[in-house]
Enquirer: 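One structure coming up, written as structure tokens, with questions to follow.
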Amino acid sequence: MSKPVVTRFAPSPTGMLHIGGVRTALFCWLYARRHQGTFILRVEDTDLTRSTDDNIRIIEEGMEWVGLDWDEGPIPGETDRYKGPHGPYRQMLRMDLYRAKIKELLDKGLAYRCRCSREDLDARRAEAEKEGRAFSYDGRCRDKAYDDSVPAAIRLKMPREGELVVEDLVKGPIAVPAVTLDDWIIARQDGTPTYNFCVVVDDVDMGVTHVVRGDDHVANTPKQIALYQALGYALPAFAHVPMILGKDKQKLSKRHGAASITEFRDLGFLPQAVRLTLAKLGWTPKVGGKAAESAEEEILTDAQLIECFELGEIQKAAAVFDLDKLTWVNQKLIQRLDWREIEPHLRWQWRRRDLLEAWDARPDAWKELAIGCNKNRANLHDMAETLAFLFARPASFDEAAKAKFLTEAVKPALREVAALEDYGHDALKAAIEAILQRHGLKLKDLAQALRVAFTGTVVSPPIYDTMALLGRDEVVARLAPWM
RNA sequence: GGGGCUAUCGUCUAGGGGUCAGGACGCCGCCCUUUCACGGCGGCAACACGGGUUCGAAUCCCGUUAGCCCUACCA
């Protein structure tokens, strides 16, 4: 029986939760869930200036919205309480642990104080560069055994020969010659520990078994491995997942449309659509051992994703994020949802109190029809917008459409429509067909005329549904100016 | 400069010695249609390059090229 799986997602609070980070978190989450393990959320906030409580909230909210629940980590909305036995889950608050570990390494002679000044180091680096040589710290303070009478940075003694091997679950074994790695700094002159040091100490302290993170950390891993060894800890498994790119193959950012998770929410995407699309970006789920062979099979549930997730199946190369694909997945998912599952997302899109009150005043059957006849929308934002005409009369009219459809010829038909009383779908259909007969009109002519009168535009749900939703009084009122 | 990673349609990918190189998104065309959509059918489109190994290479090996990451008292 192997150890229970523990994974972790450790974002830094930069003011937004990046979609690339979400995908990494998703892989951690999928793996933990797959093995009934633990998923930890830890805030990497050693950069004081950016680490406000607000920024931490943004991470919590993003994670909650996208549906990635964590077993250990911050309690959303609370600044100083955490769930899980390894807290606090904010690096800033774990300094005592770091200091103890640094002291331990110093005492054992596995790390040492380096009195080289920053200026000196910079000068040596510049010189090396000028000569076209690689700069690496030569370890000149390594055996000096300096005491703490002078402020000094602390370096880890790295192995000087052989190679360090990362057994990466997605990339395979990666061997790096020890000579290319210098004695790196684990604590600054002011005593604060550096990122690569904190990560290792935290991962060990929290019992992380699988380090799943972006592959921009691959090159840091050999350094970290040396630290694990110095500290006398067993190595976790590593899985470095490739980054996600924009269309121009550059790092995904706002100018590609959206990069932060909240933007995707505002754009009208379902959290499950984001999850599915992200999961399938760089990984192909093999349900029952085989990949999807039709569009239908592309749409999977979380349960299916969890059931077949394998870190080793993740693609090695970076992938371009395609908003069109997300949109398609979103649409497919919307089509499959019950109106009650869609409603909360629509409410979010509307947000305005007057709209919400108007909506709440309606009976369920009405809501069901309103959402049901709009299930083919690509996103919730559009759906919310196309439904808005139900709550407010058109503020303006498409002039071309008005001229084309609201003609003298349809006026008599309009008057007859206004006189109708039975708004049941079939009755409406029969009555309108009779009207068309009488006036020698085509459905297209009348339907479009009605749409313009009702919405100001030439687009609306199917015309009988539109009328049923508006109701007789409103239909008559909106028709009045045109008869 | 050094070290590392990567490379199949425009995009996401399946395939890992013998396949017409399969699917999905997008795109194009046709059909359906009361609008926008949905849906149905069809089409275009790829193994980065060069050498090996082999009867046979997209698949294995070696180079080249290109892109990315690291090379901080940033994270």
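Because the structure is predicted, anything quoted here is derived from the model rather than measured. Chain naming here is simple, since letters A, B, ... match the order of the sequence lines and numbering starts at 1 in each.
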Enquirer: Given atom CH2 of W184(A) and atom C1' of A75(B), what is their separation to the nearest angstrom?
Expert: 13 Å
Enquirer: Rounded to the Å, how far apart are N330(A) CG and G26(B) P?
Expert: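 Atom CG in N330(A) sits about 13 Å away from atom P in G26(B).
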Enquirer: On RNA chain B, does the nearest nucleotide to R451(A) precede the nearest nucleotide to F135(A) from the 5' side, or the other way round? Give the residue.
Expert: R451(A)
Enquirer: Could you state the CD1-C1' distance from I463(A) to U35(B), rounded to the nearest angstrom?
Expert: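 About 8 Å, once rounded to whole Å.
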Enquirer: According to the Watson-Crick and G-U wobble definitions, with both distances under 3.5 Å, which nucleotide is paired to C49(B)?
Expert: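 Partner of C49(B): G63(B).
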Enquirer: Taking RNA chain B as the partner, which of residues 425-439 of chain A come within under 4.0 angstrom of it by heavy atom?
Expert: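 Nucleic-acid contacts, sorted: none.
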Enquirer: What is the distance, to the nearest angstrom, from the CD1 atom on I299(A) to the C1' atom on C12(B)?
Expert: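 Taking atom C1' of C12(B) as the reference, CD1 of I299(A) is at 13 Å.
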Enquirer: With a non-hydrogen cut-off below 4.0 angstrom, is R125(A) in contact with a base, only sugar-phosphate, or nothing?
Expert: sugar-phosphate
Enquirer: Separation of R336(A) atom CZ from C38(B) atom C1', in whole Å?
Expert: 14 Å
Enquirer: Please determine whether a side-chain nitrogen or oxygen atom of T284(A) lies at a distance below 4.0 Å from atom OP1 or OP2 of A14(B).
Expert: yes
Enquirer: Going by the angle between their ring planes, with limits at 30° and 60°, are F27(A) and F309(A) parallel, tilted or perpendicular?
Expert: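 Parallel, since the angle between the ring planes stays under 30°.
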Enquirer: Could you tell me the separation between the CG atom of D465(A) and the P atom of A37(B), rounded to a whole number of Å?
Expert: 18 Å
Enquirer: All N/O contacts under 3.5 Å from nucleotides 4-11 of chain B to the protein, with atom names and distances to one decimal?
Expert:
from	atom 1	to	atom 2	distance (Å)
C5(B)	O2'	K171(A)	NZ	3.0
U11(B)	OP1	K249(A)	NZ	3.3

Enquirer: Under 4.0 Å between any heavy atoms, over every strand shown, what does D216(A) touch: base, sugar-phosphate, or nothing? Just pick one.
Expert: sugar-phosphate
Enquirer: Please tabulate the protein-to-nucleotide N/O contacts below 3.5 Å involving nucleotides 39-43 of chain B, giving atom names and distances.
Expert:
from	atom 1	to	atom 2	distance (Å)
G39(B)	OP1	K332(A)	NZ	2.7

Enquirer: Rounded to the nearest Å, what distance is computed from the CZ atom of residue F389(A) to the P atom of nucleotide C36(B)?
Expert: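 It is 16 Å, rounded to the nearest whole Å.
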